[in-house]
Student: 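Quick one: structure below, then a few questions.
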Amino acid sequence: VMNAMAAPLIEQHLPDWVEPRFFRSAEELFELAPSAEIGWFDLYQPSGMDKAIRLATKLKWLNSVYAGVDFFPLDVLRERGTILTNGTGINAITIAEYVVMGMLTVAKGYREVVRSQDRHEWLLDSPGKVELAGSRALILGYGAIGQKVERMLQGFDVEVVKVRRSAGEGTLGPDQWRAQLGTFDWVILAVPGTPETEGMIGAAEIAAMKPGSTLVNVARGSVVDQDALIAGLKAGTPGHAVLDVVTPEPLPADHPLWDVPNAHVTSHLSGRAQTKMFERSVTRFLENLRRFRAGEPLQPQVD
Ligand code: NDP
């Protein structure tokens, strides 16, 4: 089963042994789900996805275009032995570019620069005089996104420390970064939204950050205690937050976070390089179809 939006991209490439069934609404998806063996997911947080998966008792493989897996009932999939492949890496470049943009926006005071143009005002001084070179960044989550961010920051001569679940050579483990938190100018969140990462940046971590430093979140809103962050921003620690993901989404128009002057809020848009992203997903999906048919392991699988 596939969302009808995917039809023009994928239909002509599907091998003969696949019988595609496209759905246009949640109701159509619920109807098709019980007979589906392979599922293609490309709607962002659609209502009813949980119900559809519970109905899809024959589902052997679920493919998500997106990297995040927090909207799937992982326990149900695991119990049934359904393979889940996700879109990790597919939009890592565009997200990493957003992270660098956020850092440069803060370093160069670019928001103020743009506002001065809106006012037709020639500034006599620069609102941002920070150089990225020589600054220190902590990347929490060293997967597809974290690794791309590191590569880009190396070009700016930023000193990078990175953290992953399984600490290894050159990376810290989940419990090894807190003691050094106050030494970083930039804290970049690129972990998945899981029970382990929920509230990872809480009141204690916010208080331990370097005054004037910047938190960049391209992971999930759930990773940060947002109320504690708002209080911290108002007090100056951190000095700025660049937030592509927040709680809840969409952020209601009257939410206080919009008006925190040192919060840079964007609408979960850092990963939207649509055409290239879908081209990459289709290529990966077709290769996985071949592997599925041949009984070979699919890539990348979510454990
Ligand atoms: P990956 O799975 O490639 O990387 C995740 C990284 O996080 C891995 O290095 C993993 O460690 C690490 N990690 C997991 N749990 C912990 C933990 N408790 N403590 C420290 N590190 C941890 O994912 P991606 O890089 O592709 O994406 C990361 C997340 O970014 C996605 O899950 C999604 O939520 C979010 N995202 C946001 C988008 C947006 O538009 N803003 C778009 C795409 C993704 P290890 O390497 O040891 O497994």
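Counting starts at 1 for both ligands and their atoms, following the listed order. These numbers come from the heavy atoms of this one structure, side chains and all, not from hydrogens, waters or symmetry mates. We number each residue from 1, following the sequence as shown.
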Student: Between ligand 1 and Ala144, is the shortest N or O to N or O distance under 3.5 Å?
Tutor: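 Yes: some nitrogen or oxygen of Ala144 is under 3.5 Å from one in ligand 1.
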Student: Are any of the N/O atoms in Gly143 less than 3.5 Å from those in ligand 1?
Tutor: yes
Student: By the definition side-chain contact (heavy atoms from CB on, under 4.5 Å), identify the one residue from Leu215, Asn217, Val242, Val216 that meets it with Ile188.
Tutor: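 By the side-chain contact (heavy atoms from CB on, under 4.5 Å) criterion, Ile188 pairs with just one of Leu215, Asn217, Val242, Val216: Val216.
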Student: Would you list the pairs meeting ring-ring contact (aromatic ring centres under 6.0 Å, His included) in which at least one residue belongs to residues 215-260, sequence neighbours left out?
Tutor: His240-His264
Student: For ligand 1, which atoms, with element, lie under 4.0 Å from some heavy atom of Ala219?
Tutor: 34 (O), 35 (C), 37 (C)
Student: Return the option from Glu196, Met200, Arg220 holding the heavy atom at the smallest distance from atom 19 (N) of ligand 1.
Tutor: Met200
Student: What protein heavy atom lies closest to atom 5 (C) of ligand 1? Include the residue and the distance to one decimal.
Tutor: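 That would be Pro192 CD, 3.8 Å.
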Student: Is it the side chain, the backbone, both or neither of Ala92 that has a heavy atom closer than 4.0 Å to ligand 1?
Tutor: neither
Student: For Trp186 and Ser135, does a side-chain donor sit closer than 3.5 Å to a side-chain acceptor?
Tutor: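 Their side chains do contain a donor-acceptor pair, which is all the 3.5 Å distance test asks for.
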Student: Please confirm whether the backbone N or O of Pro297 pairs with a side-chain atom of Arg291, one donor and one acceptor, at under 3.5 Å?
Tutor: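 Looks like yes, one N/O pair under 3.5 Å.
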Student: Verify, without hydrogens or angle tests, whether Gln147 (side chain) and Ala144 (backbone) share a donor-acceptor contact under 3.5 angstrom.
Tutor: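 It does not hold such a pair.
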Student: Taking 4.0 Å as the limit for heavy-atom contacts, which would you say applies to Ile95 with ligand 1: side chain only, backbone only, both, or neither?
Tutor: side chain
Student: Around Glu19, counting heavy atoms of other residues, nucleotides and ligands shown, do more than 12 lie under 6.0 Å from its CD?
Tutor: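 For Glu19, atom CD is not crowded (no more than 12 foreign heavy atoms under 6.0 Å).
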Student: Counting from 1, what ligand 1 atoms have a heavy atom of Ala67 closer than 4.0 Å?
Tutor: 26 (O), 43 (C), 44 (C)
Student: Grab the two heavy atoms, one from Gly271 and one from Asn91, that are nearest each other, plus how far apart they are.
Tutor: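 Minimum heavy-atom contact is O-ND2, 3.2 Å.
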Student: Is Asn91 close to ligand 1, meaning an N/O of one under 3.5 Å from an N/O of the other?
Tutor: no
Student: Below 4.0 angstrom from a heavy atom of Gly271, which ligand 1 atoms are there? Numbered from 1 as shown, please.
Tutor: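 Selected atoms, number and element: 40 (O).
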Student: Quick test: of every protein heavy atom, which one is nearest to atom 29 (C) of ligand 1, and how far off is it to 0.1 Å?
Tutor: Val191 O, 3.5 Å
Student: Side chains of Thr85 and Asn288: is there a donor and an acceptor less than 3.5 Å apart?
Tutor: no
Student: Can you confirm whether the side chains of Tyr142 and Glu150 place a donor and an acceptor under 3.5 Å from each other?
Tutor: yes
Student: For residues Thr183 and Arg136, is any side-chain donor paired with an opposing acceptor at under 3.5 Å?
Tutor: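 Result is yes, a qualifying pair exists.
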Student: Any N or O of Thr197 that comes nearer than 3.5 Å to an N or O of ligand 1?
Tutor: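 In fact, backbone or side chain, Thr197 has no N or O that close.
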Student: Taking the six-membered ring of Phe30, is NZ or CZ of Lys51 closer than 6.0 Å to its centre and within 45° of its axis?
Tutor: yes
Student: Record the part of Ile145 in heavy-atom contact with ligand 1 below 4.0 Å; permitted values are side chain, backbone, both and neither.
Tutor: both
Student: How far is atom 28 (C) of ligand 1 from the closest protein heavy atom, and which atom is that?
Tutor: Ala190 O, 3.4 Å
Student: Considering non-hydrogen atoms of the protein only, which is the closest contact for atom 12 (C) of ligand 1, and what is the distance?
Tutor: Gly141 CA, 3.8 Å
Student: Is it true that the side chains of Thr266 and Asp244 contain a donor and an acceptor less than 3.5 Å apart?
Tutor: yes
Student: Please identify which atoms of ligand 1 are closer than 4.0 Å to at least one heavy atom of Val218.
Tutor: 30 (O), 35 (C), 36 (N), 37 (C), 38 (C), 39 (C), 41 (N)
Student: May I ask you to check whether Thr88 has an N/O atom sitting below 3.5 Å from an N/O atom of ligand 1?
Tutor: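 Yes; at least one N/O pair falls below 3.5 Å.
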Student: Would you say ligand 1 has an N or O under 3.5 Å from any N or O of Val69?
Tutor: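 Val69 vs ligand 1: no N/O contact under 3.5 Å.
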Student: Under a 4.0 angstrom heavy-atom cut-off, which atoms of ligand 1 come close to Ser270?
Tutor: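 Every atom of ligand 1 under 4.0 Å from some heavy atom of Ser270: 39 (C), 40 (O), 41 (N).
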Student: Based purely on interatomic distance, does His268 place a nitrogen or oxygen under 3.5 Å from a nitrogen or oxygen of ligand 1?
Tutor: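 In this structure, His268 places an N or O atom under 3.5 Å from an N or O of ligand 1.
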Student: Please list the nearest protein heavy atom to atom 48 (O) of ligand 1 with its residue and the distance rounded to 0.1 Å.
Tutor: Arg165 NH2, 2.9 Å
Student: Quick one: does ligand 1 sit under 4.0 Å from the side chain of Ser166, the backbone, both or neither, non-hydrogen atoms only?
Tutor: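 Both of them.
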Student: Could you check whether Phe23 and Trp40 have their ring centres less than 6.0 Å apart?
Tutor: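 No: the rings miss the under 6.0 Å criterion.
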Student: Treating Arg80 as the side-chain partner and Ala56 as the backbone partner, does any N or O pair qualify as donor plus acceptor under 3.5 Å?
Tutor: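 At least one qualifying donor-acceptor pair exists.
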Student: Hey, is Leu140 one of the residues with a heavy atom under 4.0 angstrom from ligand 1?
Tutor: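 Leu140 does not count as a contact of ligand 1 under the 4.0 Å cut-off.
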